[in-house]
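All remarks here apply to the structure that follows.
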Amino acid sequence: MGRWLVTGCSTGFGREIARAALQAGHSVAVTARRAETVRNFVDEFGDRALALALDVTDAGQIAAAVAAADEAFGGVDVLVNNAGHGYLSAVEEGEDAEVRKLFDVNYFGAVDMIKAVLPAMRARRSGHIVNISSMTGLVANPPNAYYSSTKFALEAVTEALATEVRPLGIRVTAIEPGAFRTDWATRSMKESAGPIDDYADVAARKDLIKQFADHLPGDPRKVAEAVLMVTELDDPPLRLLLGRDVLKATRDKIAAMSASIEEWERVTKDVNFAGS
């Protein structure tokens, strides 16, 4: 059985992933900013569950959480970077401080967690890093421009990291959920405080997201099952799309990009010095 560390387990995907891993017999460091929100895992699963306070923007707490998992389990075989939150805003409406906080949690928090577990994974020549990305990490639309930016950045580091650590026996996967019934659009959602009238269409999209948050088609438990499945593969996918919506959106984007590349191929090629 494996030794897991999952971030952002108070609700949503993180909670379901931690529970599924524990039910499968793994040992799991179940983390949240407030440890009391995940202590019930210890009550239910005993010593195989370790409830830890972890704010992924706090370097000291990251080091302490990884050290606690090492002490309790002897190491971390699977890191699941799930902690994060949303932010709804037109680009012009974005508040600098909030956008920087968004990157601190969604991107830098994940990167710092990766850097904390990699030394031991390299020493063992094994491990799996699972980054919970999003459909918005593949396709950007308002009012998610800034949230998408954090996920696009996570996609890039995931892709490069996978190539870096593959020769070391370490696997890396990005999970790409579409619209799932979590609290992403409710409790954990933030939005700009100063809407601009000219972006009424963006405001309407915000309202739709909030209105349908509790009626989305995706089942978070099935995301957890997919994560478990991926970690059991010798050759896991770099990206795993989860949901019919993300599948359609990604295919539509690829088709549009391919059409644009073909349309502008002559200009693309006509930029070299003569004879080059």
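We're numbering straight along the sequence, starting at 1.
- Counting heavy atoms from C-beta outward, R124 and D77 have side chains that approach closer than 4.5 Å.
- Between the side chain of R48 and the backbone N or O of L22 there is at least one donor-acceptor pair closer than 3.5 Å.
- Note that CG of D252 is 9.5 Å distant from CG of L247, once rounded to the nearest 0.5 Å.
- A donor-acceptor pair under 3.5 Å is absent between the side-chain atoms of E155 and the main chain of L138, judged by distance alone.
- Atom-to-atom distance recorded for I170:CD1 and E164:CD is 10.5 Å, nearest 0.5 angstrom.
- Without hydrogens or angle criteria, R3 side chain to G74 main chain gives a donor-acceptor distance under 3.5 Å.
- Between K151 and I132, the shortest heavy-atom distance links the atoms NZ-O, 2.9 Å.
- Between E16 and K222 no salt bridge is recorded (no basic side-chain N to carboxylate O distance below 4.0 Å).
- In this structure the side chain of L154 never reaches within 4.5 angstrom of the side chain of T150, judged on heavy atoms.
- By the rule that hydrophobic residues join a cluster once side-chain heavy atoms approach within less than 4.5 Å of another member, V30 and F13 end up as members of one cluster.
- Across G84 and N106, no two heavy atoms sit closer than the pair CA-OD1, 3.1 Å.
- To the nearest 0.5 Å, the span separating CD1 on I17 from SG on C9 amounts to 8.0 Å.
- A salt bridge links K206 to E93: one of the charged nitrogens lies within less than 4.0 Å of a carboxylate oxygen.
- Distance alone, capped at 3.5 Å, places no donor-acceptor pair between the T173 side chain and the V130 backbone.
- Here the CG atom belonging to D104 is positioned 9.5 Å from the CZ atom belonging to R100, to the nearest 0.5 angstrom.
- Between the R15 side chain and the S10 main chain, a donor and an acceptor come within less than 3.5 Å of each other.
- From N82, atom CG reaches atom OG1 of T11 across 8.5 Å, with rounding to the nearest 0.5 Å.
- For H128 (side chain) and V78 (main-chain N/O), no donor-acceptor pair under 3.5 Å exists by modelled atom type.
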Q: Step by step, work out the side-chain hydrogen bond (donor to acceptor under 3.5 Å, both in side chains) result for E98 and Y87.
A: CA-CA 8 Å; E98 290 299 328; Y87 181 73; over 6 Å; no
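- Remark: side-chain polar atoms of N131 are not paired, donor with acceptor, to backbone N or O of S133 under 3.5 angstrom.
- Put simply, the side chain of T31 gets close to the backbone of V6: a donor and an acceptor are under 3.5 Å apart.
- Side-chain atoms of T136 and N144 form no donor-acceptor pair, as typed in the model, at a separation below 3.5 Å.
- Ring pair F103/Y107 is perpendicular by interplanar angle, where above 60° counts as perpendicular and below 30° as parallel.
- Heavy-atom minimum distance, P143 versus R205: CD-CB, 3.7 Å.
- Residue D201 places its CG atom among 12 or fewer non-hydrogen atoms of other residues, nucleotides or ligands, all under 6.0 Å distant.
- Side chain of K248 to backbone of G243: no donor-acceptor contact under 3.5 angstrom is found.
- Distance alone, capped at 3.5 Å, is enough to place a donor-acceptor pair between the Y146 side chain and the V91 backbone.
- For the atom pair OG of S260 and CD of E262, the computed distance is 10.0 Å after rounding to the nearest 0.5 Å.
- Clustering ILVMFWY residues whenever any of their side-chain heavy atoms sit less than 4.5 angstrom apart, transitively, puts V105 in the very cluster that holds L5.
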